[in-house]
Amino acid sequence: MNNKENWSLATKAVQGGWDPQNGEPRVAPIVQSTTYKYDDVESVAKLFDLTAEGHMYSRISNPTCDVLEKKIAAMEGGVAALATSSGQMASTIAITNIAGAGDHFIASGTLYGGTVALFTNTFKKLGIEVSLVDASLSLEELKAYIKPNTKAVFAETIANPALDVLDFEKFSALAKAAKVPFIVDNTFATPYLCRPIEHGADIVMHSTTKYIDGHATSVGGILVDSGKFDFTNGNFPEFTEPDESYHGVVYTKDFAACPYIVKARVQWIRDLGSYMSPMNAFLSNMGVETLHVRMDRHCENALALAKHLKAHPKVSWVNYPGLEDHKDYALTKKYLSGASGVLTFGVKGGKTEGEKVMNSLELAKIVVHVADVRTGVLHPASMTHRHLSDEELVKAGVSADLIRVTLGIEDIKDIIADFDQALEAI
Ligand SMILES: *Cc1c(COP(=O)(O)O)cnc(C)c1O
């Protein structure tokens, strides 16, 4: 018996998305082909009409990417997924697929720096307005941001690098009040620690560059459609009226099960040309096969280092949502089965002394990355977030002395010894 729908997450991570038939490769192969062959003209016409399933061109779909899409959709509990060339492209299409010039959306203020830049600068050029809100406001206060042209509510499960934990109940109620999709960036939590769709999310996205790949080899992103949002509610005419750019397709009618992903693929991915490459899909799929095993170790190591640094006389503060005195600990307990592998801290003496510590680390390398098997450190104010104004830095939860640590899966004894020797430098 092969009841894949009911497989647990670990089994889906290993075996999901690829079900080889007699004599086919056990491992989902890299289909490094832009092009596909057909027996007759009619077969191709059906593909273009979207009346037959299949691949026509690797800018729009590809069998290797398809495996990753099916697997992540299954792990998140969604109905369909779309792989993109980066997490940034997933964030871009997550919004442009439902909001255009003259529209508005609401996003939590504590977001990844690249997402803040995209939402506030580039989207402004496209005529899309964002309200970055203080996520600690009450539901009533948040509702004041809803406008007649509001099209989405966006937030991160665990904010990078503020490490705030999302209040799903409040934000999904906000999206419901606005009658718009609730989009969640689940990059830091991964479907292993949190499945946003179970807590009211309509669309889930990832930078697969992080824990999904897990080995720092491949930039990529993915969008997952829960299939639950009602795009026929009157707010989204692009979904309910014929798309003249695609033979008059009506997404909510012709693709009622997953209109969001089909529209994103045949409009945005087709036109922008920002699909994931087969090689990156292969590597990301290999990474996700061990996600459930890696995440436990990432969480364990982060909690252990957080506790150690907290007790260290040269450390002024530690921020990790798995610590019992973290302001969001109750949300961690409610929504996450682990607080993930990233923590932040500051040392006594602030930025200058913090730089000394970073420069003295040996095992933990200075990298502009998080969420892979190797421990690394970053100083957001001078690196990833340096383009943000002081005010935006505060909103993003980044102080000048903040050092972000991404815990790998090495032996925690060696990691702690490395931080101890580096703290000796100050
Ligand atoms: C890294 C990251 C992104 C952007 O992803 P890329 O793959 O780097 O384009 C988006 N959201 C979060 C939470 C991230 O950490």
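All ligand and atom numbering here is 1-based and tracks the order in the structure. A quick note: this is a predicted structure, and the numbers were derived from the prediction, not measured.
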Please tabulate, one pair per line, all N/O donor-acceptor pairs under 3.5 Å involving side-chain atoms of residues 354-363, not counting sequence neighbours.
residue	atom	partner	partner atom	Å
Lys356	NZ	Glu353	OE2	3.0
Asn359	ND2	Glu355	O	3.3
Ser360	OG	Lys356	O	2.7

Can you list every ring pair (Phe, Tyr, Trp, His ring centres under 6.0 Å) pair that touches residues 270-309, not counting sequence neighbours?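 Qualifying pairs, neighbours excluded: Tyr211-His298.
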Could you give all pairs that pass the ring pair (Phe, Tyr, Trp, His ring centres under 6.0 Å) test and reach residues 333-363, with sequence neighbours left out?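 Residue pairs passing ring pair (Phe, Tyr, Trp, His ring centres under 6.0 Å), neighbours aside: Phe168-Tyr335, His199-Tyr335.
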Nearest heavy atoms of Asn285 and Ala28, plus distance in Å: ND2-CB, 4.3 Å
Name the orientation class of the two ring planes belonging to Phe123 and Phe119 (parallel below 30°, tilted from 30 to 60°, perpendicular beyond 60°).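 Rings of Phe123 and Phe119: parallel, as their planes differ by under 30°.
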Present, as a list of atom pairs with distances to 0.1 Å, all nitrogen or oxygen contacts under 3.5 Å between ligand 1 and the protein.
residue	atom	partner	partner atom	Å
ligand 1	5 (O)	Ser207	OG	3.0
ligand 1	7 (O)	Gly87	N	2.9
ligand 1	7 (O)	Ser207	OG	2.8
ligand 1	7 (O)	Thr209	OG1	2.6
ligand 1	9 (O)	Gly87	N	3.0
ligand 1	9 (O)	Gln88	N	2.8
ligand 1	11 (N)	Asp185	OD2	2.7
ligand 1	15 (O)	Asn160	ND2	3.0
ligand 1	15 (O)	Lys210	NZ	2.7

Quick test of your reading of the model: are Asp164 and Lys327 salt-bridged, counting only N-O distances below 4.0 Å? yes
